Amino acid sequence: MSTTVCDIRFADIQLLRYTVEGFSRLTLQQKLFVYYLSEASLWGRDILWDQNCRYNLPIRHMLESVYKEGPGSESQVSSWEAFETYMKRVWFANGIHHHYSMDKFQPGFSREFLEERLREIGYPVDKELMKVIFDPDFMPKRVNQADGDDLLQTSSMNYYAPEIKQTEAEAFYARMKKADDNRPPMYGLNSRLERNDEGQLVEHVWRSGGMYGPYIDKIIFWLQKACEVADSDQQRGVINTLIDFYRTGDLHTFDQYSIQWVQQSQDEVDFTNGFTEVYGDPLGLKASWEGYVNIVDHRATKRAQTLSDWAQWFEDNSPVDARFKKTECRGVTARVVEAAILGGDLYPSSAIGINLPNSNWVRQEYGSKSVTIGNLTRAYNEAAKGNGFHEEFVLPESLPLVNGQWSTQLDDLHTDLHECLGHGSGQLLPGTDPDALGAYGSTIEEARADLFALYYIADPKLVELGLVPDMEAYKSQYYTYMMNGVLTQLVRIEPGRQIEEAHMRNRALIARWVMEHCDAMQLVEHEGKTYLQITDYEALRPIIGQLLGEVQRIKSEGDQEAARRLVEDYGVRVDAGLHREILERYKALDLAPYKGFINPQYRLIHDTKGRVVDVEIVYGESYDEQMMRYGKEYSIKD
Ligand code: ZN
């Protein structure tokens with residue numbers, strides 16, 4: 001059953017299905033564990049929608065009411081089609097702003113059309129919601145990272161009450177930090193910052209009985225069910241501590257949970273559930289909700305485990321100042337897994353590698369757990385086969401290299417290196433504030449992990465360990481990485497815009513910095529088109545090592561000014577002419593730059609006495625069926 005490619009396309013999106021091959025080999029108890037955790041993963045969806053923008057949920061409820069009733073007899077076909085596209089985009093982005101560019105969607109239908117359709121179905125027309133949807137200048141961006149702006153006032157995310165200024169919020173959190181605390185909780189992670197009646201700033205904490213309480217109670221309910229069928233006492237302990245955190249909102253409990261979670265790594269089924277990544281907050285403090293469940297892939301895990309067994313060797317030999325290295329690499333556990341369900345900020349668009357926890361001191365003292373999600377990569381690769389992308393953008397002389405038999409394997413290896421070793425490497429100097437890089441922190445952290453991966457993917461050690469066949473294989477990875485950084489990732493950016501997302505800034509930063517510092521890599525023109533040319537691959541590695549050393553220094557010392565210069569000089573700006581060319585060439589290929597996934601469905605099978613005898617996995621659901629069902633089954637309307 002491999003129905004990965006499904007033909008759902010709209011706007012800049014293509015949807016794929018992923019299959020969960022490992023599910024069938026689980027015991028009934030383990031299948032139930034997956035089922036209960038899946039429910040816990042789906043119940044946080046509306047939390048994320050509200051975090052992304054405070055208007056998202058009322059807008060979705062309104063749009064879904066219209067969608068459910070269909071076009072109506074008087075509607076223009078073109079208006080209805082534009083409405084469907086808008087609905088699908090909003091679903092995909094978990095809100096009214098693009099999931100990647102963060103720009104507000106511009107509807108392709110008129111305000112009159114929507115208001116008329118609402119009146120026809122008897123749904124109240126809300127002036128404020130109309131303004132949010134149709135006024136392009138109101139809440140234009142979910143997360144604004146532009147240097148010099150008040151990042152809170154210019155971002156529409158819902159992590160801070162609307163009137164709160166960046167300087168106030170920063171001062172509020174700066175006051176919480178104690179200079180002598182070596183194990184600080186991640187202040188601000190699980191709350192919305194608001195102003196009380198006396199005008200003081202206060203945190204509205206996300207917990208049972210607090211903000212998002214009804215949803216968190218549902219999550220707790222399903223976690224408790226999962227606890228009853230957990231494989232081990234250790235796993236039960238992890239879940240109970242998480243429940244404790246959801247009840248109290250105490251961030252020290254969250255750290256305890258993270259420590260237990262990172263130490264628990266032997267079970268067949270594992271999960272993430274909670275307030276996790278901070279990319280949605282321009283200040284990088286507050287975490288969006290995400291949840292997913294995974295099943296270990298034993299064979300592929302062996303490959304990743306080999307890397308982490310050698311973690312200390314990689315750390316010792318990295319081109320980084322000795323003061324910034326870890327003297328003892330602890331517990332980098334690496335697994336290759338299959339996703340069984342994706343929820344919250346991992347759905348429908350998902351990461352393919354995840355390394356947690358995010359707390360610096362927990363990572364330093366207890367290590368981190370790194371996963372590569374193999375069945376998602378598989379789905380991407382199947383969808384990309386023969387779509388003409390490489391033929392268009394790779395310099396003809398480099399095409400055999402890039403399409404060589406090892407290139408897919410090298411992509412996986414890059415992800416493993418990035419996740420299991422890159423993020424886990426290095427250390428802060430004593431006294432360095434982990435948030436010292438401010439808005440540049442995420443980009444610098446991603447650059448660090450990518451540079452570590454790029455540096456080592458060309459190391460003879462990998463041949464020795466049997467992970468790559470020879471000292472030629474890495475070249476395809478160097479070519480595609482750099483091509484993406486200087487050229488092809490521009491297809492994800494609207495004309496006239498700059499690079500804003502942290503991972504993209506990181507790739508641009510690395511590729512352009514290397515190009516500026518290395519004669520062996522340049523842009524060339526061939527038959528009127530721009531290509532990347534690399535004339536000497538071996539010359540690239542020391543340059544990559546040099547940048548890795550600098551980026552690690554910036555992180556270890558908390559050198560915000562150097563971070564700012566590096567990111568602003570290399571990671572942000574877009575050459576308008578080149579951008580236009582790349583967009584035109586890309587458009588001619590008719591491909592979707594963003595992909596996401598439709599989840600499978602899990603169903604309990606009962607016998608005649610009503611006992612559960614099996615859990616069935618079903619793949620057939622369509623995109624809009626799934627979205628409408630989630631909206632109905634995992635939503636609490638007040
Ligand atoms: Zn990363």
Side-chain angles (χ1 to χ4, degrees), residues 99-100 143 145 186 258 262 272 276-281 284 287-288 290 292 294 304 307-308 311 314-315 318 320 326 329 332-337 339 342 345-346 349-360 362-364 367-374 376-377 380 410-428 434-435 437 439-457 477 480-482 484-485 489 492 499-511 544 547-548 551-552 554-556 563 566-567 571:
H99 74 289
Y100 211 83
V143 183
Q145 297 279 19
M186 290 189 283
S258 298
V262 84
T272 293
T276 309
E277 301 290 355
V278 296
Y279 302 109
D281 173 8
S288 62
E290 70 182 39
Y292 87 115
N294 69 63
L307 288 178
S308 43
F314 288 104
E315 184 77 359
S318 82
V320 159
K326 272 190 187 147
C329 281
V332 189
T333 53
R335 285 157 60 104
V336 179
V337 302
L342 302 168
D345 220 356
L346 292 169
S349 170
S350 176
I352 49 167
I354 298 176
N355 183 309
L356 292 172
N358 283 331
S359 162
N360 270 299
V362 175
R363 296 169 76 92
Q364 210 142 340
S368 61
K369 199 150 80 178
S370 162
V371 299
T372 306
I373 311 178
L376 302 190
T377 321
Y380 281 134
L410 266 284
D411 283 345
D412 290 347
L413 193 57
H414 177 97
T415 311
D416 287 345
L417 284 163
H418 174 113
E419 298 294 343
C420 346
L421 299 180
H423 280 306
S425 70
Q427 63 177 359
L428 301 181
D435 300 323
L437 302 181
Y440 300 104
S442 296
T443 301
I444 291 294
E445 177 55 22
E446 291 311 317
R448 207 171 68 82
D450 262 357
L451 287 162
F452 202 92
L454 289 167
Y455 182 77
Y456 276 118
I457 210 160
Q477 182 63 206
T480 50
Y481 186 94
M482 297 298 173
N484 191 29
Q489 72 166 354
R492 296 172 158 220
I499 307 175
E500 307 197 13
E501 198 275 335
H503 295 80
M504 288 181 74
R505 283 185 164 186
N506 136 54
R507 289 180 213 120
L509 183 164
I510 291 175
I544 289 166
L547 184 56
L548 172 58
V551 164
Q552 182 62 56
I554 288 171
K555 167 109 180 172
S556 293
L566 204 52
V567 176

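Just the heavy atoms: all of them, side chains too, but no hydrogens, waters or symmetry mates, feed the values below. Worth saying up front: this structure is predicted, and the values here are computed from it rather than measured. Each residue takes its place number in the sequence, starting with 1. Start at 1 and go down the list; that is how both ligands and their atoms are numbered.
Counting only heavy atoms from C-beta outward, the side chains of E446 and R507 never approach each other to under 4.5 Å.
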| message | The test is side-chain contact (heavy atoms from CB on, under 4.5 Å); show your working for N358 and E277 and say whether it passes. | response | CA-CA 8 Å; N358 283 331; E277 301 290 355; 3.2 Å; yes
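For F314, the ring-ring contact (aromatic ring centres under 6.0 Å, His included) partners two or more places apart in sequence, or in a different chain, are Y456.
Under the 4.0 Å criterion applied to side-chain N and carboxylate O atoms, E445 and K555 are assigned as salt-bridge partners.
Using a cut-off of 2.8 Å, one finds that H503 contributes no N/O/S atom close to the Zn ion (ligand 1).
The nearest N/O/S atom of E446 to the Zn ion (ligand 1) is OE1.
For the pair NE2 of H423 and NE2 of H418, the angle at the Zn ion (ligand 1) is about 90°; rounding is to 10 degrees.
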